[in-house]
2 protein chains.
Amino acid sequence: MTTQESIFEIFSEENLAGVAYKNKSLKRSIIDHLDQAGNTTITDLTVALNISVPKTTSLINELVTDGIVKEYGKDDSKGGRRASMYGLVAESGFFIGVDIKNFHVNLGLLNFKKELVNSEMHVPFTLANTPESFKDLIQVILHFINNAPVDKKKIFAACLNLSGRINSEKGYSYSYFHFNEEPLSQIVENAIGIKTFVENDSRAMAYGEFYNGTVHDEKNVLFLNLDYGIGLGIMIDGKIYRGKSGFSGEFGHIPIFSNELICHCGKKGCLETEASGQALIRLFKERIEQGHTSSLLKDKKMPPNLRVADIIQATLNEDVLCIELIAELGEKIGRGISVLINLFNPELVIIGGILADTGDYIRLPIRSALNKYSLSLVNNDTQLRMSKLHEEAGVIGGCLIARHNLLSFNK
Amino acid sequence: MTTQESIFEIFSEENLAGVAYKNKSLKRSIIDHLDQAGNTTITDLTVALNISVPKTTSLINELVTDGIVKEYGKDDSKGGRRASMYGLVAESGFFIGVDIKNFHVNLGLLNFKKELVNSEMHVPFTLANTPESFKDLIQVILHFINNAPVDKKKIFAACLNLSGRINSEKGYSYSYFHFNEEPLSQIVENAIGIKTFVENDSRAMAYGEFYNGTVHDEKNVLFLNLDYGIGLGIMIDGKIYRGKSGFSGEFGHIPIFSNELICHCGKKGCLETEASGQALIRLFKERIEQGHTSSLLKDKKMPPNLRVADIIQATLNEDVLCIELIAELGEKIGRGISVLINLFNPELVIIGGILADTGDYIRLPIRSALNKYSLSLVNNDTQLRMSKLHEEAGVIGGCLIARHNLLSFNK
DNA sequence: CATCGTTTTTAAATTATTTTATTTACGAAG
DNA sequence: CTTCGTAAATAAAATAATTTAAAAACGATG
């Protein structure tokens with residue numbers, strides 16, 4: 001029996017009854033506990049799961065022969081005989097995260113102990129809603145899998161992060177690659193030969209930041225993905241909140257401005273029309289046309305194909321116009337966040353996405369807008385923190401989601 | 001052993017281990033199942049809880065001798081011996097809900113089977129943040145308890161609904177009756193001699209509507225309490241979402257207007273300044289001053305102490321000005337709701353609170369504003385429904401919260 | 001460096017639960 | 001109205017878990 005088979009046995013949805021069912025759930029609980037609490041002793045598990053020592057011992061032994069758990073030496077002395085520490089086996093399974101951006105793809109490989117063992121960042125790729133773009137993507141993924149330093153059979157699952165509207169339960173992506181009735185997850189799964197899930201990019205980043213990033217004890221956390229659009233990942237009680245069909249967090253399209261700009265979603269007054277990376281480029285052009293200047297100009301003219309990354313870089317190089325624009329953006333985003341704080345009373349709001357790389361240039365205007373627009377009692381309750389994982393948030397989150405979905409913890 | 005003692009034994013937080021612990025949790029699970037699924041058979045429980053028939057039988061028998069469960073005749077024939085139906089005993093315990101409004105109090109008494117056995121609506125009372133008002137309130141509650149048609153000892157818990165910021169976990173009310181450091185829940189508990197919880201009024205209404213009202217299978221539901229202020233109760237995955245400190249749902253104070261009106265919260269541009277019952281009265285006055293007329297005028301002058309209820313009544317009597325104002329209000333509320341829909345992608349939004357009594361006069365403008373302001377894909381996903389429980393939502397919700405907290409189901 | 005207190009682990013005894021078999025109850029068909 | 005098929009409830013047997021007791025492992029103390 002290979003490791004893979006035994007893992008699938010434990011995590012299969014097969015309907016067992018009676019003792020077999022109970023043992024299976026107990027084993028899952030043990031893995032869940034080892035997953036969350038790290039390596040522990042049998043005594044620890046005994047109190048955590050409310051089962052006796054002999055029972056725990058026999059279950060652990062089975063998991064050890066299954067290859068999912070192994071002994072990690074002895075515990076520190078607590079006065080008597082030292083207890084054996086048990087923990088998950090890092091090499092017993094791997095998971096892939098594919099984070100698809102507008103102009104590149106990031107990929108990562110995670111082991112069973114939630115450690116990133118391999119990653120490829122900034123693989124060139126242009127996201128377009130065409131079959132060609134999709135084919136390119138599959139090639140990028142296959143290349144990553146073939147170059148991965150592990151047995152392909154031990155890669156249990158993958159997760160694709162895409163912006164736009166995603167129904168991760170059913171595997172549909174509505175904004176990209178929705179060419180026929182078959183769910184995107186299924187199409188990719190067939191193409192790469194690995195169980196595949198899809199998830200909204202901001203939610204995946206939120207998940208990564210939540211479980212492997214800047215979040216410690218907080219349970220209700222909002223993650224902002226400030227990119228060309230404005231995404232929002234909502235974590236409630238430690239779980240991703242997706243809404244009815246997976247369309248939650250359309251923060252960029254809340255109507256809080258009284259302008260006449262038509263958003264690409266077709267509505268007027270969306271937050272995204274004033275406070276996104278796209279808006280940033282538009283505002284930059286407008287200022288240049290009004291006669292302002294910037295270090296980004298080539299021969300005193302607008303550079304062609306100006307990207308958000310350029311403006312971020314210029315800001316960090318202390319370009320005055322860019323600093324001003326980022327501050328304006330921050331003010332507007334802060335006003336948006338104050339809506340979120342009033343509604344969610346979160347413990348923590350994380351500023352992520354490429355625009356978060358501007359650091360204090362964007363953080364301080366956001367902070368002051370929050371004081372201006374949200375109820376102080378509620379606002380004081382909420383921490384504002386910058387992303388810790390930066391551009392790795394997506395891949396790590398994707399890997400963790402693949403892992404979580406396959407193992408179906410906490411369900 | 002009295003019934004009360006035995007109930008507290010099962011639901012006590014006392015730390016048992018081993019078999020005793022397991023039996024206790026199984027008993028709780030049985031009660032939980034009977035609570036949600038109604039009367040069922042032993043075979044049913046066997047598959048639902050994954051335990052054997054003899055084990056289920058012995059647990060049920062213990063619960064029967066405890067007085068919490070009893071037999072409710074035989075099941076319909078399915079071909080063989082007819083199964084006994086078991087269910088909760090309605091009279092084994094009672095719960096009180098106290099819904100405190102600006103100008104009156106509603107009280108209700110719920111039995112163990114979630115049936116409202118007694119209620120007193122519109123008990124005269126004026127809510128003010130003074131010790132006198134609080135004393136009056138206690139008198140109202142004591143009067144209700146003493147007149148209740150059940151043994152006072154069998155009333156296990158009560159819940160107080162108040163508007164404003166409430167930390168229900170710790171029992172604090174910040175907007176009303178926060179006279180000293182002791183939690184309000186504790187003060188009331190000492191005064192009435194019954195375990196007491198406090199909850200935000202809109203959340204309690206949402207809870208009532210969710211479990212005994214218009215909600216059927218939906219799990220992610222938003223409830224709008226349109227009163228003098230605008231409250232929001234958020235139900236996620238069947239649970240009340242309270243946020244970090246219980247300040248979630250401050251919907252009335254999201255800054256989505258660019259007006260110069262100072263809200264009573266101290267900020268500008270709050271939804272409440274334009275779309276609440278308070279705003280309605282202000283707008284009515286303004287129109288009258290501009291020369292408009294209405295059936296509500298006395299000698300062609302503003303009536304003193306005009307209440308929202310008066311405008312609602314006039315609307316239902318087809319007063320043209322009031323109908324217009326309600327439509328304007330609906331439009332603005334709809335714009336606010338579109339923010340919620342974009343963020344939450346809920347299955348259902350319930351329009352409740354006194355202004356919901358205007359029915360289609362407010363529903364239709366809300367509906368059309370939603371089409372105008374929210375993403376169609378997301379919007380089409382969400383149902384809009386009017387409250388079913390109307391002014392009883394609060395009391396029923398309060399009773400159910402008291403019951404839930406005491407029994408601590410799903411925890 | 002042997003002994004003692006402490007804690008984990010293993011083993012044996014006890015208790016509890018499930019599984020299987022039997023009995024009881026019910027409706028329908030002959 | 002008896003018989004037969006089916007399903008629930010009960011009883012007995014078998015299995016599995018917990019509890020208690022004993023052994024092993026370890027550090028500290030004298």
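Excluded from the calculations below are hydrogen atoms, water molecules and symmetry mates; all remaining heavy atoms, backbone and side chain alike, are included. A, B, ... follow the sequence lines: proteins, then strands. Residue 1 opens every chain.
Few gaps surround NZ on A/Lys74; more than 12 heavy atoms of other groups in view lie less than 6.0 Å from it. With a 6.0 Å radius and a threshold of 12 heavy atoms from other residues, nucleotides or ligands, A/Glu169 has its CD atom at or below the threshold.
Here C/dA16 presents its C1' atom at 13 Å from NZ of A/Lys55, a figure rounded to the nearest Å. Remark: P of C/dT19 and CD1 of B/Ile51 are 12 Å apart, rounded to the nearest angstrom. Nucleotide D/dA17 holds its P atom 15 Å from the OH atom of A/Tyr21, rounded to whole Å. Following rounding to the nearest Å, A/Asp75 (CG) and D/dC26 (P) show an atom-to-atom distance of 13 Å. One interatomic measurement links the two molecules: CG of A/Leu26 to C1' of D/dT18, which rounds to 14 Å at whole-angstrom precision.
In this structure, OG1 on A/Thr214 lies 6.0 Å from CD on A/Glu209, to the nearest 0.5 angstrom. Atoms CD and CG, from A/Glu71 and A/Asn39 in turn, are 10.5 Å apart once rounded to the nearest 0.5 Å.
Between the side chains of A/Asp381 and B/Ser245, a donor-acceptor pair is found at a separation under 3.5 Å. The closest side-chain donor-acceptor pair between B/Lys55 and B/Asn23 falls under 3.5 angstrom.
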Show me the protein contacts with nucleotides 7-13 of chain C, counting only N or O atoms at under 3.5 Å.
from: C/dT7; atom 1: O4'; to: A/Gly80; atom 2: N; distance (Å): 3.4
from: C/dT7; atom 1: O2; to: A/Arg81; atom 2: N; distance (Å): 2.9
from: C/dT8; atom 1: O4'; to: A/Arg81; atom 2: O; distance (Å): 3.4
from: C/dT8; atom 1: O2; to: A/Arg81; atom 2: NH1; distance (Å): 3.2
from: C/dT9; atom 1: OP1; to: A/Ser84; atom 2: N; distance (Å): 2.8
from: C/dT9; atom 1: OP1; to: A/Ser84; atom 2: OG; distance (Å): 3.4
from: C/dT9; atom 1: O4'; to: A/Arg81; atom 2: NH1; distance (Å): 3.3

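The side chain of B/Asn23 contributes an N or O atom lying less than 4.0 Å from OP1 or OP2 of C/dT17. Side-chain nitrogen and oxygen atoms of A/Lys22 include at least one within less than 4.0 Å of the OP1 or OP2 phosphate oxygen of C/dT18.
Contacts of A/Asp76 with the nucleic acid, taken as non-hydrogen atoms under 4.0 Å apart, are absent. Across all strands shown, B/Asp44 has no heavy atoms under 4.0 Å from either base or sugar-phosphate atoms.
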